[in-house]
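Below is one structure, written out as structure tokens; the observations come after it.
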Protein chains: 4
Amino acid sequence: MIKKRARKTEDKKERVETILKVARDLFIKKGFKGTTIREIARRAKLESSGTLYIYFKNKDELYGAICEKALKYNVDMLVEASKSSGSVFERLLLISKAYVRVQMRSESELLSMNLNDLKLSESIFKRFDELDKDWINSMSSILNEGKKNGYFDNELDVLTVSISIYGAMEGFVYYKKFGYLDDLNVSIDDLVEKHISYFLNGINK
Amino acid sequence: MIKKRARKTEDKKERVETILKVARDLFIKKGFKGTTIREIARRAKLESSGTLYIYFKNKDELYGAICEKALKYNVDMLVEASKSSGSVFERLLLISKAYVRVQMRSESELLSMNLNDLKLSESIFKRFDELDKDWINSMSSILNEGKKNGYFDNELDVLTVSISIYGAMEGFVYYKKFGYLDDLNVSIDDLVEKHISYFLNGINK
Amino acid sequence: MIKKRARKTEDKKERVETILKVARDLFIKKGFKGTTIREIARRAKLESSGTLYIYFKNKDELYGAICEKALKYNVDMLVEASKSSGSVFERLLLISKAYVRVQMRSESELLSMNLNDLKLSESIFKRFDELDKDWINSMSSILNEGKKNGYFDNELDVLTVSISIYGAMEGFVYYKKFGYLDDLNVSIDDLVEKHISYFLNGINK
Amino acid sequence: MIKKRARKTEDKKERVETILKVARDLFIKKGFKGTTIREIARRAKLESSGTLYIYFKNKDELYGAICEKALKYNVDMLVEASKSSGSVFERLLLISKAYVRVQMRSESELLSMNLNDLKLSESIFKRFDELDKDWINSMSSILNEGKKNGYFDNELDVLTVSISIYGAMEGFVYYKKFGYLDDLNVSIDDLVEKHISYFLNGINK
DNA sequence: CATGAATGAGGTTTCATTCAT
DNA sequence: TATGAATGAAACCTCATTCAT
């Protein structure tokens, strides 16, 4: 017996999106090996797991497609955040929040998983690595401007400070994701703002 | 006779340790599902994967045993770091470094992996959650002492600052593990020290 | 109107022919199980594999249709070759070559494949078996005539000789198909002629 | 539940042999794709098809192992047949019969199947091709000796004759395998002897 | 008629676990 | 205790076939 069939082009796109979303959630929650095609199919309301193979060649490529999406979002956010204007504090806050937003979309994790065995085009990993450096450069340039304008000491190690800030953001996100912040009744936005504020205060001349 | 028995017990302990170590490495690298009993056995120089079942009831319990070890190490480090004396800066640095050391021993990850399907005694997760709070409390008490001694403003939100610092540490460890720090030629110890130093500077009265 | 209909029928016939040809080639090259409906459809320039089911009830029947065609060609060639006239040598050569021509059209293989699981009407296999006997009879009657005319010894076992000749033809075809003859720079026509010539020489009184 | 286990080394070898035999028969009968691991396992009295993978890495390698065996048998028979002595007729008969015996062991077919998709070491196919040429050379040298001794005309095309004889043998085997000879009450040995005898007679000076 | 997305049965393969030795 | 062959459940994936459009 054959039931429910998507027919219009609309449906097809929708289905792909549903699968991507469902799969993303599962991959994040259970890892690549821990996630089964059957469960993805079931949650995406596919009658049969064979259906999934209409849309994605195999599990590896499905994973890859999700990574691509994550990468794109990451790039977009960086580009937008880089266009910011305002005071050094405002700009640092903005880029930090953008970074937090990206990391909160847990797909980012997918890219840092151990994927050695995956037959994905290596390029995606390279692109991801480079992107990370772009974020750091973007923040560094804000800090350098601050230096020029006399806000920071000339001796300030801009690179280390950038990593220091991003590292902190990374950690906040981690805490948020695992529910610690909720347990402790601390909002992540508050945390970010206070942190940046204290930190800037600490590196100000 | 007695010696022989003692010898055997020794061997057994050694074997268990080898298995735990090998399994830990694999679980960290490949995840729970991605790691096979066969590979653990092979790397632990067991002739057969059947042998592993003499020492551990099943894969879940092996995983649990590793988590227990991680937990114990974590507790030990906290206890030791809590005994510290010296200036507020010195004590904050010390506890932060201890935290970093714990997180660097990647087993910690094992405890934050998604193990919903694992039939591990829940208790271990509870104990882990509580331990996290103990770390925060331990740092908070240092900060509170600083407050009392007039180093920090009375308005300072001690809890948020604690999380802020630990979050940053978490992030640094993450960066270290994925090789970013190496790529950028930044040492983690340096990063920690500078970060704590700037941050304290920022929250000082 | 009528023209249009005729046109369509023409198209249909064409399509059926294309499918049969494409499918035949694939079945020969990859076997029944090794050939997919999708590939047949793709090579036959059908938009979809569903379309194929308009023309053939299922894979089995498509296979059956190809066998039928092979059978018909086989019968036709036998009928034509049987009408031959000339010397015994000429007639033997002619029928042998006809047999070779039939076997070279690889469809014949399709009929000797193991199709136990195929739900083809048994009749086709029976008809094929009988046809084989017809070929033998046809050659036997030529040989018998030779006997009557005093070319061969009365003791000559006509049946065995027939099989002997056909068997040799079968083998030549096999060698040709797998490229051995090409490797050795031997033409199949030459081989057939020389073989028949030597063999006749051997059985002549 | 776990049942019946082979334990001794004897058993293991036996099991491999059983699997090879059963698989060979099925591959010959149904082709590579048409044969399922499950059926091989069932016929080899394995409780589970997983068991087969203890002995063979996968379907391809199982197929390869069978081909290797066929190749070895083929080589052995050729070597033995080449050592023959006696009259030209006797030696031709002997080598022809050896060839028939090899081809009757149907594994030979396995090597001429379309295996493009198989991930087997190409070498086996090359070795098989060369072996074929060795058979031809071996027969050619007998014929050449006959020439030297004045049995055959100097003009005799030794290569073509060799192929002619082998081709015939190939055909006889084919007829035998598909039951035609049985239907016609003709023994293959008889057929071979008569054929060689007639043929030699035909090419004698 | 034609399409092609959907289905589901069935194939290959892996792997945790058991248990006879 | 130690072994490792055996098991079977379950994973991924393919493909003949159907049927809404």
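Letters A, B, ... mirror the listed sequences (proteins, then strands); counts begin at 1.
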**OP:** Name the orientation class of the two ring planes belonging to B/F32 and B/Y63 (parallel below 30°, tilted from 30 to 60°, perpendicular beyond 60°).
**Re:** perpendicular

Original post:
Nearest-Å distance, CD1 (A/I37) to C1' (E/dG8)?
Top reply: 16 Å

**OP:** Map B/G34 and C/S49 onto DNA chain E by nearest heavy atom, then report which one ends up closer to the 5' terminus.
**Re:** C/S49

**OP:** State which of E/dT7, E/dA16, E/dT13 makes the closest approach to the side chain of A/E47.
**Re:** E/dT7

Subject >> d(CD, D/E39; C1', E/dG11) in whole Å >> reply: 13 Å

**OP:** Specify the separation, in whole Å, of atom CD of B/E14 and atom P of F/dA2.
**Re:** 13 Å

Original post:
So does C/T51 get a side-chain nitrogen or oxygen closer than 4.0 Å to the phosphate oxygens (OP1/OP2) of E/dT3?
Top reply: yes

Subject >> B/Y55 side chain near F/dA2 phosphate (N/O to OP1/OP2, under 4.0 Å) >> reply: yes

Original post:
So which nucleotide does E/dA20 pair with, by the Watson-Crick or G-U wobble rule with both distances under 3.5 Å?
Top reply: F/dT3

**OP:** Find which nucleotide of DNA chain E each of A/S48 and D/G50 is nearest to by heavy atoms, and output the residue with the more 5' nucleotide.
**Re:** A/S48

Subject >> Phosphate contact (F/dA2 OP1 or OP2) by B/R15 side-chain N/O below 4.0 Å >> reply: yes

Original post:
Does C/R38 have a side-chain nitrogen or oxygen under 4.0 Å from the phosphate oxygens OP1 or OP2 of F/dC15?
Top reply: no

Subject >> Earlier contact from the 5' end, DNA chain F, for C/N58 and D/L52 >> reply: D/L52

**OP:** Rounded to the nearest angstrom, tell me the gap between atom CZ in B/R42 and atom P in F/dA2.
**Re:** 20 Å

**OP:** Could you tell me whether B/E17 and B/K69 make a salt bridge, using a distance below 4.0 angstrom between a side-chain N and a carboxylate O?
**Re:** yes

Original post:
Could you give the NZ-to-P distance, from A/K57 to F/dC12, as a whole number of Å?
Top reply: 17 Å

Subject >> Ring-face cation contact, B/Y55 with B/R15, 6.0 Å cut, 45° max >> reply: no

Original post:
If you check the B/I54 side chain, which of E/dT12, F/dT3, F/dC13 turns out closest?
Top reply: F/dT3

**OP:** Let me know the distance between CG of A/L46 and P of E/dT7, rounded to the nearest Å.
**Re:** 7 Å

Original post:
Does a salt bridge link D/K29 with D/D25, judged by any charged N lying under 4.0 Å from a carboxylate O?
Top reply: no

Original post:
Roughly how many Å is it from NZ in B/K45 to C1' in F/dT3, rounded to a whole number?
Top reply: 18 Å

**OP:** Step by step, work out the salt bridge (Lys or Arg N to Asp or Glu O under 4.0 Å) result for B/R127 and B/E68.
**Re:** CA-CA 10 Å; B/R127 276 152 63 207; B/E68 285 288 353; 2.7 Å; yes

Original post:
Between D/Y53 (OH) and F/dA9 (C1'), how many Å, whole number?
Top reply: 15 Å

Original post:
Among the nucleotides F/dC15, F/dC13, E/dT12, which one has an atom lying closest to any side-chain atom of C/T36?
Top reply: F/dC15

